[in-house]
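Model, not experiment: these values are computed from the prediction.
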Amino acid sequence: MSREFPLEDIRNIGIIAHIDAGKTTVTERILYYTGRTYKLGEVHEGTAVMDWMDQERERGITITAAATTCYWREHRINIIDTPGHVDFTAEVERSLRVLDGGVVVFDAVSGVEAQSETVWRQADRYKVPRICYVNKMDRIGASFNRTVSMIETRLQATPLPIQLPLGSEERFYGIVDLVRNTAWRYSKDPDAEPEEMPIPDDEINRAAEARQHLIAKVAEHDDDMMIAYIEGHEVKPEELKKALRRVTLKIKGVPVICGSALKNMGMQRLLDAVVDYLPSPLEVPPVEGIDTKTNARVVREADDNAPFSALAFKVVTDPFVGRLVYFRVYSGKVKVGAQVYNPTRERPERIGRLLLMHANHREDITSADTGAIVATLGLKNTFTGDTLCDPTKSILLESISFPEPVISVAIEPKTRADQDKMGESLQKLTEEDPTFKVTFNDETGQTIISGMGELHLEVITSRLIREFNVGVKVGRPRVAYKETITQPIKVEGRFVRQSGGHGQYGVVKVEFEPQPRGKGFEFIDALRGTAIPRQYVTPVKSGIKEAMETGVLAGYPVVDIKATLYDGSYHDVDSSEMAFKMAGSIALKDGIRKGKPILLEPIMKLEVVTPEQFLGDIIGDLNSRRGHIGKIDPQGDTFIIHCLIPMAESFGYATSLRSLTQGRATHSLEFHSYEQLPSEKTDEIIEKALGKKDG
């Protein structure tokens with residue numbers, strides 16, 4: 001079967017931007033103008049095709065990356081509309097991993113915003129060529145020039161404006177096309193074609209100057225254009241277009257265009273730019289991986305005749321069809337019913353149905369060839385980041401790395417019936433979202449869910465209630481404190497009971513010593529002679545270990561102690577394993593009371609990346625949270641703060657940091673060690689614990 005579209009006529013692109021820049025509106029207009037939809041969907045009305053989840057429609061934001069396919073100028077364009085909110089950064093991460101090009105949308109009023117910087121860095125990491133669309137040109141305060149200069153200064157990029165706006169703010173009515181030296185006027189009617197016209201007389205000089213500046217910028221990164229520029233040749237539109245394409249594909253510059261998606265201005269030119277300047281699967285470096293048999297590096301060319309290789313980048317639990325796995329085909333082709341191999345899990349898989357996705361609508365197809373982005377049913381053991389390949393030509397592609405969760409809350413089912421459903425539903429959600437983690441804390445008896453931010457966890461709990469019909473209550477997690485001793489102490493543990501018949505007799509002498517942090521529990525048998533028969537040593541040890549599960553200060557587990565059993569006594573008739581186990585337990589409790597016990601708290605390692613202007617505010621806030629700042633590294637025009645902060649003080653930090661820095665700083669948080677809790681905090685925790693016990 002011959003391909004419907006040659007590889008050079010395919011574009012795999014993502015629409016990426018800061019929250020509220022207008023990504024979903026841009027995608028909706030693209031679908032409308034390419035004939036994919038016949039009605040304009042609006043985010044603010046909750047009718048956007050790409051925002052198909054109830055929550056997305058209610059909140060007016062994109063939460064999950066949605067895929068679709070459309071056609072323009074005999075090219076096939078696979079689009080992924082990604083979220084802009086920092087809490088859903090994993091959706092952007094996994095989308096950029098499988099895309100060839102990106103359209104970065106900027107708000108003409110706000111310019112480059114916090115999440116624009118984050119997604120730009122993500123696109124840099126995956127070496128994704130991009131074009132920029134400056135949206136909302138019709139709004140009060142819109143400035144094309146300011147946005148272009150912010151792209152240069154804040155993103156350290158080389159913007160190449162290939163258009164100029166005609167009019168500004170509410171008087172914005174069209175654009176000058178600098179490549180073709182022509183102008184376009186837009187109508188208020190979305191169905192009316194833009195009208196091509198000569199550049200207005202009062203704009204001719206500005207346009208000529210801007211075109212010359214564009215040619216000079218392109219010439220800096222393109223040898224052919226450099227020759228034409230130095231020799232003063234007239235640059236034809238086709239030559240300029242080809243040079244712009246070469247510069248964009250090398251990621252040396254980014255073409256910048258403008259318009260207003262809500263008013264349907266500039267959409268056709270945006271689609272033209274996608275076709276003209278963004279790469280086909282043939283123009284990006286071929287995918288590399290590891291041959292699982294020989295461990296050698298192998299390359300798979302983007303070719304239908306090459307062995308099949310694909311990367312699964314998203315798992316979705318669809319309420320109607322079940323478990324959907326989205327994947328991008330890098331080489332070869334795959335048919336419905338084909339046997340494939342998952343080298344990540346070392347399991348064979350069978351491709352069930354193959355689906356071309358249009359947001360949450362599905363279109364069955366019989367095969368997927370190189371460059372396709374499709375979803376499939378029937379893969380039981382394939383997860384995000386897994387490779388799928390030809391069973392005879394195994395290759396393991398580089399997986400996708402995700403940031404660790406930074407915020408946790410406790411969650412519990414409302415009823416017994418919800419208990420089982422909750423476990424199953426949480427399992428499905430962790431399969432879908434690699435930045436969502438579930439742990440069960442044995443010490444506190446709580447199920448803890450962790451994610452990228454408060455909104456992220458809010459959305460998860462809301463999905464549990466709505467999609468999975470699980471009644472849940474959400475609380476704040478209890479910090480897992482620990483207890484230990486600070487000085488060596490020798491104690492005697494006596495368990496002597498006399499009653500009718502057999503009594504109980506066990507006496508042990510134990511020395512307890514503090515251990516270095518993280519060393520754990522150590523038991524030493526230092527008995528000499530026959531003070532205690534050997535069979536009673538193990539029960540003493542297990543009595544001490546069991547008693548360590550609840551300390552004497554506030555009932556937290558005891559850690560980092562060494563117990564040396566050095567003496568004791570027994571009774572021929574009344575001694576038993578049970579008696580010595582109890583004696584060990586009594587010795588431990590007494591030893592902790594007398595060994596100057598302290599509470600230990602978990603300390604987190606925190607890294608904050610921030611622009612310089614917020615440095616002082618962040619340091620002040622960290623000091624107020626008992627943070628211990630290690631060093632501050634300058635990196636370009638940002639600073640990285642390395643800090644240790646108590647876990648108890650880190651709750652809500654994501655939200656606090658966002659408000660301190662207008663969302664421009666990012667942070668990562670991971671467990672570091674246990675350290676002594678200050679005495680004033682110790683009293684507070686003990687009071688709380690005793691209060692609970694009394695209550």
*Please step through salt bridge (Lys or Arg N to Asp or Glu O under 4.0 Å) for the pair Asp683 and Lys688, ending with a clear verdict.*
CA-CA 9 Å; Asp683 297 342; Lys688 263 192 204 164; over 6 Å; no
*Compare every heavy atom of Ile395 with every heavy atom of Thr387, then report the nearest pair and how far apart it is.*
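Heavy atoms only, the tightest pair is CG2-O, 3.2 Å.
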*Considering non-hydrogen atoms only, spot the tightest contact between Thr384 and Glu432 and give its length.*
OG1-O, 4.4 Å
Do side-chain atoms of [X] reach the backbone of [Y] as a donor and acceptor pair under 3.5 angstrom?
| X | Y | value |
| --- | --- | --- |
| Ser462 | Val459 | no |
| Ser659 | Ser656 | yes |
| Thr610 | Phe614 | no |
| Glu483 | Leu553 | yes |
| Arg146 | Gly111 | no |

Side chains of residues 126-136: which donor-acceptor pairs under 3.5 Å do they make with residues two or more places apart or in other chains?
unit_1 : atom_1 : unit_2 : atom_2 : d
Tyr126 : OH     : Glu93  : OE2    : 2.9
Arg130 : NE     : Val128 : O      : 2.8
Arg130 : NH1    : Asp124 : OD1    : 3.1
Arg130 : NH2    : Asp124 : OD1    : 2.9
Arg130 : NH2    : Val128 : O      : 3.1
Tyr133 : OH     : Ser260 : N      : 3.1
Tyr133 : OH     : Met265 : O      : 3.0
Asn135 : OD1    : Ala261 : N      : 2.9
Asn135 : ND2    : Ala21  : O      : 3.0
Lys136 : NZ     : Asp20  : O      : 2.6

Under the side-chain hydrogen bond (donor to acceptor under 3.5 Å, both in side chains) test, which residues partner [X], sequence neighbours left out?
| X | value |
| --- | --- |
| Thr484 | none |
| Ser399 | none |
| Asp621 | Arg625 |

Quick check on [X]: does its [atom1] atom have over 12 non-hydrogen neighbours (other residues, nucleotides or ligands) under 6.0 Å away?
| X | atom1 | value |
| --- | --- | --- |
| Lys596 | NZ | no |
| Gln613 | CD | yes |
| His642 | NE2 | yes |

*Please test Arg297 against Glu398 for salt bridge (Lys or Arg N to Asp or Glu O under 4.0 Å), starting from the C-alpha separation and ending with a verdict.*
CA-CA 11 Å; Arg297 286 202 79 73; Glu398 186 190 338; over 6 Å; no
_Go through it in stages, so that I can follow the logic: the residues are Asp107 and Arg139, the test is salt bridge (Lys or Arg N to Asp or Glu O under 4.0 Å), and I'd like the CA-CA distance, side-chain angles, deciding distance and then a yes or no._
CA-CA 10 Å; Asp107 180 331; Arg139 282 186 48 206; 3.4 Å; yes
Nearest 0.5 angstrom please: [X] [atom1] to [Y] [atom2], how far?
| X | Y | atom1 | atom2 | value |
| --- | --- | --- | --- | --- |
| Glu607 | Ile641 | CD | CD1 | 10.5 Å |
| Leu457 | Ile449 | CG | CD1 | 5.0 Å |
| Met422 | Phe468 | CE | CZ | 13.0 Å |
| Leu99 | Ile80 | CG | CD1 | 4.5 Å |
| Lys437 | Thr430 | NZ | OG1 | 9.0 Å |

_Results of salt bridge (charged side-chain N to carboxylate O under 4.0 Å, His left out) for Asp291 - residues two or more places apart only_ =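 With sequence neighbours excluded, Asp291 shows a salt bridge (charged side-chain N to carboxylate O under 4.0 Å, His left out) to no residue whatsoever.
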_Tell me which pairs pass salt bridge (charged side-chain N to carboxylate O under 4.0 Å, His left out) where either residue lies in residues 638-652, with sequence neighbours left out._
Arg626-Glu649, Glu649-Lys681
*May I ask you to establish whether Arg328 and Tyr330 are in a cation-pi arrangement, using a distance under 6.0 Å from NZ or CZ to the six-membered ring centre and at most 45° from the ring axis?*
yes
*Check the pair Arg345 / Asp386 against salt bridge (Lys or Arg N to Asp or Glu O under 4.0 Å), numbers first and verdict last.*
CA-CA 8 Å; Arg345 313 274 159 193; Asp386 286 6; 2.8 Å; yes
*asked:* Checking Glu680 against Thr682: is there a side-chain donor and acceptor pair closer than 3.5 Å?
replied: no
*Cut-off 3.5 Å, side chains only: do Asn145 and Ser143 have a donor facing an acceptor?*
no
*According to the interplanar angle, ranging from 0 to 90°, do the rings of Trp120 and Phe106 count as parallel (below 30°), tilted (30 to 60°) or perpendicular (above 60°)?*
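Trp120 vs Phe106 ring planes: tilted.
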